[in-house]
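For reference, the structure is listed below as structure tokens.
What you see below is based on every heavy atom in this structure, not just the backbone, and it leaves out hydrogens, waters and symmetry mates. Order of the sequence lines sets the chain letters (A, B, ...), proteins ahead of strands, with each chain counted from 1.
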Amino acid sequence: MPRQASARRYWLFKSEPDSYSFAQLQADGRTFWHGVRNYQARNLLRDEIQVDDGVLFYHSNASPPALVGVAKVVRAGYPDATAFDPASDYHDPKSNPQDPTWFQVDIAPVQPFRRPLPLAELREMPELEGMVLLQKSRLSVQPVAPGQWRHLLASGGAKESW
DNA sequence: GCCAACGTTGGC
DNA sequence: GCCAACGTTGGC
């Protein structure tokens, strides 16, 4: 049974554009969001993030750091195989394939913001009071409240839905 | 490049 | 279980 539209949830994924940019996601059409090695983010990837959820794509360590586009979840959490690969930068020798520690989801691009929203500008928006990104948090996968989502899409000139 | 904030590790 | 030391993130 399909979920109610009201059950769709929203997330923010950070990526350094030098390693993986929104433009690259658009070129790829879809990607495996692998390499997350933080337990709080892992819990979201494994337990909370569902197909069709919305994703805000954030460029960290960029000039300026900014929200740059909208993506959607196309596959829910499953084990991150790079953890088992000794040749991978993300190899985790403590992770057991029988009981994986690290998870990933797949996302696909929806559309870029017509106007990227720099972090400094986000900090000025009263609508974003309490947003995880603006708190002292280094979480690379984090929740976004529905009101914040709507505000950000409107501000960035992106459509409400897909 | 600096460095503050944060998360993880490991000795005890 | 505490907490100091260490490594990483990420804005500036």
Could you tell me how far apart [X] ([atom1]) and [N] ([atom2]) are, to the nearest whole angstrom?
X: A:Arg37; N: B:dT9; atom1: CZ; atom2: P; value: 13 Å
X: A:Asp89; N: C:dT8; atom1: CG; atom2: C1'; value: 15 Å
X: A:Asn38; N: C:dT8; atom1: CG; atom2: C1'; value: 11 Å
X: A:Leu67; N: C:dG11; atom1: CG; atom2: P; value: 11 Å
X: A:Leu122; N: C:dG11; atom1: CG; atom2: P; value: 11 Å
X: A:Arg42; N: B:dT8; atom1: CZ; atom2: C1'; value: 14 Å

According to the interplanar angle, ranging from 0 to 90°, do the rings of [X] and [Y] count as parallel (below 30°), tilted (30 to 60°) or perpendicular (above 60°)?
X: A:His34; Y: A:Tyr90; result: perpendicular
X: A:Phe22; Y: A:Phe57; result: perpendicular
X: A:Tyr20; Y: A:Trp33; result: perpendicular

Carboxylate-amine/guanidinium contact A:Asp80 A:Arg37, below 4.0 Å | yes

Listed nucleotide nearest any side-chain atom of A:Leu119, set B:dT8, B:dT9, C:dC12 | C:dC12

With respect to the side chain of A:Lys94, which nucleotide from B:dT9, C:dG11, B:dT8 is positioned closest?
-> B:dT9

Name of the residue among A:Val36, A:Leu139, A:Leu133 meeting side-chain contact (heavy atoms from CB on, under 4.5 Å) with A:Lys14 | A:Leu133

Heteroatom pairs (N/O) under 3.5 angstrom, protein to nucleotides 3-7 of chain C:
none

Between A:Asn61 and A:Gln40, who's closer to the 5' end of DNA chain B by nearest nucleotide?
-> A:Asn61

Are A:Tyr58 and C:dG11 close enough that a side-chain N or O sits under 4.0 Å from OP1 or OP2?
-> yes

Side-chain N,O (A:Lys14) to OP1/OP2 (C:dG10) below 4.0 Å = yes

Return yes when atom CD of A:Gln24 has more than 12 non-hydrogen atoms of other residues, nucleotides or ligands closer than 6.0 Å, and no otherwise.
-> yes

Enclosure of A:Glu129 CD (heavy-atom neighbours >12, cutoff 6.0 Å) | no

